[in-house]
Number of protein chains: 2
Amino acid sequence: MVSAAAHSHAIELLQSHSLTTLVRHELERRILSGELEPGAKLNEEGIAGTLNVSRGPVREAFRALESAGLVRTEKNRGVFVREVSVDDADEIYEVRAGLDELIGRLLAARIQPAHVAELRELLKKMQKAARARSVEDYYPLNVGFHDRLAELTGNRTLLAHYRRLVNELHLYRRETLARGADSFPISTREHSAIVEALARGDGDRAGKLMYEHAMESRDRLHAALEKPLLEKPLKDKP
Amino acid sequence: MVSAAAHSHAIELLQSHSLTTLVRHELERRILSGELEPGAKLNEEGIAGTLNVSRGPVREAFRALESAGLVRTEKNRGVFVREVSVDDADEIYEVRAGLDELIGRLLAARIQPAHVAELRELLKKMQKAARARSVEDYYPLNVGFHDRLAELTGNRTLLAHYRRLVNELHLYRRETLARGADSFPISTREHSAIVEALARGDGDRAGKLMYEHAMESRDRLHAALEKPLLEKPLKDKP
DNA sequence: GAATTCCAGATTGTTGACAATCTACAAAGC
DNA sequence: GCTTTGTAGATTGTCAACAATCTGGAATTC
């Protein structure tokens, strides 16, 4: 027997989600997870077949993803996972830096003590991962930290624009992450300084720190581009 | 006889624009022009009939407009022109202020003398319209001035995000413009100061001025909300 | 008379079929 | 051998029909 809660959940799902939104979210997941790589072609009939729907909802999902900046459409040729060039990434980093500065400024004026405590907890986890040199632990924590900052401003429009930029950068990093960009040990000190400025309610300082923090990660990316692809650590040598 | 240029134009149009994009642009135009008011319901078959297409392309255009933030969809009930609440507008103004600051900072570092001259020309026209107390002349010039600033940064991502915010605010203003918001004479002095800071290459100053300029227009909006709707000028009285 | 139930019309969600276009490869011509 | 032309198969663009859902009012009940 199924619980009433599960039933109401199913009802809600049916009421809010059409096949189009389902397809859209599934494709979004596959793109952001890297299952679908930048440049990959999305076949209408193929996707429709695997998800057991007709081509209509798939095409509608395509148009939504197109507006969201995750795919690119060529008429009569098909849709492709968006490829973010170096120049594109540069632009996106600049805008993200601007939004980060705004986030710092707004959040410093509104943040609650409980949220400061929460951020400090997050910092501890990140420092632990950094000491352990664990990128796979550190990377999602870092993304989560910045996302939480955006969320805590209480400005949903800001959050939406911020997330879109982060998604697009994620699309770009997929190609370059292996090159050793986002060298994480550097960031922990900057993160601490940001949280402390927020705790003091110093909006200008927090904003400035966050702007510079974002611009530095852009610079790190440029530096990483000079390195050879997939550089192996020394211990691999005899 | 039709010229070769006209032919190539037609070919290009056919190659790049599907019915979906045509419908999309047409609806976008109608929404932003106010022909379709916020909250208005968009009937699939009605629109399809008017534009002489089937419902498929119309539905695809709906999904694109939804992602673009211009319409809202309720499952099994239809799509409606987005209504931007006061709180929404507040959020949007905040983000726009952040982007404006960024625009000022970036542009000061990159602007060319020819562009400074162009902006000064624009300022002259705006001052002329302001002196004439002509809102219908001033308003589009003002929008164009800020759009041009965003464009001159050379950052297309920034421009896209900026334009989206402006469009959303436009949707909001439609309900409140008549109340006397955007009292324009105030702005001309600020605009001059911005252009001068840009000309000097003073990014921090230009950014600060643009941030404050945007925040002030938000405040003016709030002040305008206190006024009665559609206040008539005195000369209408006997 | 007020509230509820039921039904018909309208509208949206989804599907499958048809038309237009592209891609890749084979055949023909130089 | 290289380019060009032509064609078959695959893929996208568009449409029209069917199914599911909603809306508003008439009929029914209390």
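Chain A is the first sequence line, chain B the second, and so forth, proteins listed ahead of strands; every chain is numbered from 1.
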For this session: Starting at atom NZ of Lys75(A), determine the distance to atom P of dT21(C), rounded to an integer number of angstrom.
Result: 7 Å

Exercise. Rounded to whole angstrom units, what separation is found between the CG atom of Asn43(B) and the C1' atom of dT23(D)?
Worked result: 14 Å

For this session: For atom NZ of Lys125(A), decide whether the heavy atoms of other residues, nucleotides or ligands shown that lie under 6.0 angstrom number more than 12.
Result: no

For this session: Return the value, rounded to whole Å, for the distance between atom CD of Glu45(B) and atom P of dT14(C).
Result: 17 Å

Exercise. Can you tell me how far P of dT21(D) sits from CD of Glu74(B), to the nearest Å?
Worked result: 17 Å

Problem set entry | Closest nucleotide among dC15(D), dT12(C), dT15(C) to the Asn76(B) side chain | dT12(C)

Problem set entry | Global bending angle along the helix from dG1(C)-dC30(D) to dC30(C)-dG1(D), which compares the axes of five pairs at either end, to 10 degrees | 0°

For this session: Quick one: label Gly56(A) by what it contacts on the DNA or RNA (base, sugar-phosphate, nothing), any heavy atom closer than 4.0 Å.
Result: base

For this session: Take atom CZ of Phe62(B) and atom P of dT14(C), then tell me their distance rounded to the nearest Å.
Result: 15 Å

Exercise. Within the structure, does a side-chain N or O atom of Arg59(A) lie under 4.0 Å from either OP1 or OP2 of dG13(D)?
Worked result: yes

Problem set entry | Backbone N/O of Thr20(A) and side chain of Glu60(A): donor-acceptor pair under 3.5 Å | no

For this session: May I ask you to decide whether Glu101(B) forms a salt bridge with Arg105(A), counting only side-chain N to carboxylate O separations under 4.0 Å?
Result: yes

Seminar exercise, completed: Side-chain atoms of Pro57(B) come closest, of dT23(C), dC15(D), dT14(C), to dC15(D)

Exercise. Do the side-chain N or O atoms of Arg55(A) get closer than 4.0 angstrom to the phosphate oxygens (OP1, OP2) of dA17(C)?
Worked result: no

Problem set entry | Pair Glu66(B) + Lys75(B), salt bridge at N-O below 4.0 Å | no

Exercise. Can you tell me if the side-chain N/O atoms of Arg77(A) get under 4.0 Å from OP1 or OP2 in dT12(D)?
Worked result: no

For this session: Specify the separation, in whole Å, of atom CZ of Phe80(B) and atom C1' of dC22(D).
Result: 11 Å

Problem set entry | Close side-chain approach of Ile111(A) to Leu119(A), heavy-atom, < 4.5 Å | yes

Problem set entry | Nucleotide nearest Glu60(B) when distance is taken to its side chain, options dT15(C), dA17(D), dT14(D) | dT14(D)

Problem set entry | Separation between CZ of Arg96(B) and CD1 of Ile103(B), rounded to the nearest 0.5 Å | 9.0 Å

Exercise. From the list dG13(C), dT14(D), dT11(D), which nucleotide is the closest neighbour of the side chain of Thr20(B)?
Worked result: dT14(D)

Exercise. Which of these nucleotides, dA17(C), dT12(C), dT14(C), is closest to any side-chain atom of Ser18(A)?
Worked result: dT14(C)

Seminar exercise, completed: Of dG16(C), dT12(D), dC15(D), the nucleotide closest to the side chain of Glu44(A) is dT12(D)

Problem set entry | Arg30(B): side chain to side chain contact (heavy atoms under 4.5 Å, CB included) partners, not counting sequence neighbours | Glu26(B), Glu35(B), Leu36(B), Thr50(B), Leu51(B)

Exercise. Does a side-chain N or O from Lys41(A) land closer than 4.0 Å to OP1 or OP2 of dT12(D), or not?
Worked result: yes

Problem set entry | Whole angstrom value for the distance that separates C1' of dG16(C) from CG of Asn52(A) | 15 Å

